[in-house]
Amino acid sequence: MNNEEIAIKLENHENQIKSLKHRMDETEKNNGALLELSTSVKILATNMEHMAKEQEKQGKRLERLEREPAEEHKYYKRTILACIITTVVGALLGGLLTMIIH
């Protein structure tokens with residue numbers, strides 16, 4: 001192998017090395033972008049989990065708030081019914097006692 005052939009081979013090797021360096025730089029940039037993306041996805045997943053838990057809590061609170069008027073209605077219905085029954089029983093007992101005393 002003469003000097004000219006060696007020079008040509010060295011030049012080819014240098015070109016290949018430059019090409020490989022360029023490709024390596026691009027690969028490092030892509031790896032950095034992938035790392036950033038995976039970190040963002042992890043943060044997003046954590047936030048979504050937190051939001052799901054918060055939404056579940058709010059759902060339970062909303063259910064309680066929706067149930068409250070119905071429970072309040074039942075309470076007042078029972079109270080009014082108890083008052084009516086007490087009045088009727090009181091009137092009957094009053095009338096009965098009035099009849100017994102007279």
Side-chain angles (χ1 to χ4, degrees):
M1 199 183 272
N2 62 27
N3 285 343
E4 231 177 81
E5 291 174 341
I6 293 175
I8 292 173
K9 284 196 175 217
L10 280 176
E11 188 176 330
N12 285 339
H13 285 290
E14 285 178 13
N15 288 337
Q16 287 179 356
I17 289 171
K18 285 179 187 178
S19 175
L20 288 172
K21 282 183 180 181
H22 177 72
R23 290 174 64 189
M24 190 62 159
D25 289 342
E26 288 297 318
T27 302
E28 286 175 356
K29 285 179 189 176
N30 289 340
N31 282 343
L34 284 173
L35 178 62
E36 188 177 321
L37 180 63
S38 65
T39 302
S40 296
V41 168
K42 184 177 180 180
I43 291 169
L44 181 63
T46 302
N47 288 340
M48 291 294 289
E49 182 180 343
H50 177 70
M51 285 172 48
K53 288 178 184 177
E54 186 61 33
Q55 189 175 18
E56 185 178 330
K57 288 178 189 177
Q58 288 179 356
K60 288 177 183 176
R61 279 187 243 142
L62 181 61
E63 188 177 315
R64 259 186 273 129
L65 286 173
E66 288 174 341
R67 219 177 322 123
E68 191 173 306
E71 289 174 0
E72 195 172 305
H73 176 72
K74 286 179 187 178
Y75 169 76
Y76 285 120
K77 187 176 165 183
R78 272 187 258 134
T79 302
I80 290 170
L81 187 61
C83 288
I84 291 171
I85 291 172
T86 302
T87 302
V88 169
V89 170
L92 289 174
L93 285 176
L96 185 62
L97 286 175
T98 302
M99 289 171 68
I100 291 176
I101 292 177
H102 283 29

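Here the structure is a predicted model, which is why all the values come from computation and not from measurement.
- Within the hydrophobic cluster formed by Ile, Leu, Val, Met, Phe, Trp and Tyr side chains joined at under 4.5 Å, directly or through other members, Leu81 is accompanied by Ile85, Val89, Leu93.
- In this structure, Asp25 places its CG atom where more than 12 heavy-atom neighbours from other residues, nucleotides or ligands lie under 6.0 Å away.
- Checking each of Glu28, His22, Met24, Arg23 against Glu26 for a side chain to side chain contact (heavy atoms under 4.5 Å, CB included) leaves exactly one that passes, namely His22.
- We find the CG-OG1 distance between Leu92 and Thr87 to be 11.0 Å, quoted to the nearest 0.5 Å.
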Going by atom type alone, with no hydrogens or angles, which donor-acceptor pairs under 3.5 Å involve a side-chain atom of residues 14-21 and a protein atom two or more places apart or on another chain?
from  : atom 1 : to    : atom 2 : distance (Å)
Asn15 : ND2    : Glu11 : O      : 3.4

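- Counted within 6.0 Å of CD on Glu71, heavy atoms from surrounding residues, nucleotides or ligands total more than 12; the atom is thus considered enclosed.
- Rounding to the nearest 0.5 Å places CD of Glu56 at 10.5 Å from CD of Glu54.
- Of the inter-residue distances, the one linking His13 atom NE2 with Leu10 atom CG reads 7.0 Å to the nearest 0.5 angstrom.
- The environment of Glu36 atom CD is sparse: at most 12 non-hydrogen atoms of other residues, nucleotides or ligands sit within 6.0 angstrom.
- The pair Glu68-Arg64 fails the salt-bridge criterion, with no side-chain N (NZ, NE, NH1 or NH2) lying under 4.0 Å from an Asp/Glu carboxylate O.
- To the nearest 0.5 angstrom, Met51 atom CE is 8.5 Å from Leu44 atom CG.
- Salt bridge Glu5/Lys9: absent, no basic N to carboxylate O contact under 4.0 Å.
- Taken to the nearest 0.5 Å, the CG atom of Leu35 stands 5.0 Å off from the OG atom of Ser38.
- Considering CZ of Arg78 and CD1 of Ile80, their distance stands at 12.0 Å, rounded to 0.5 Å.
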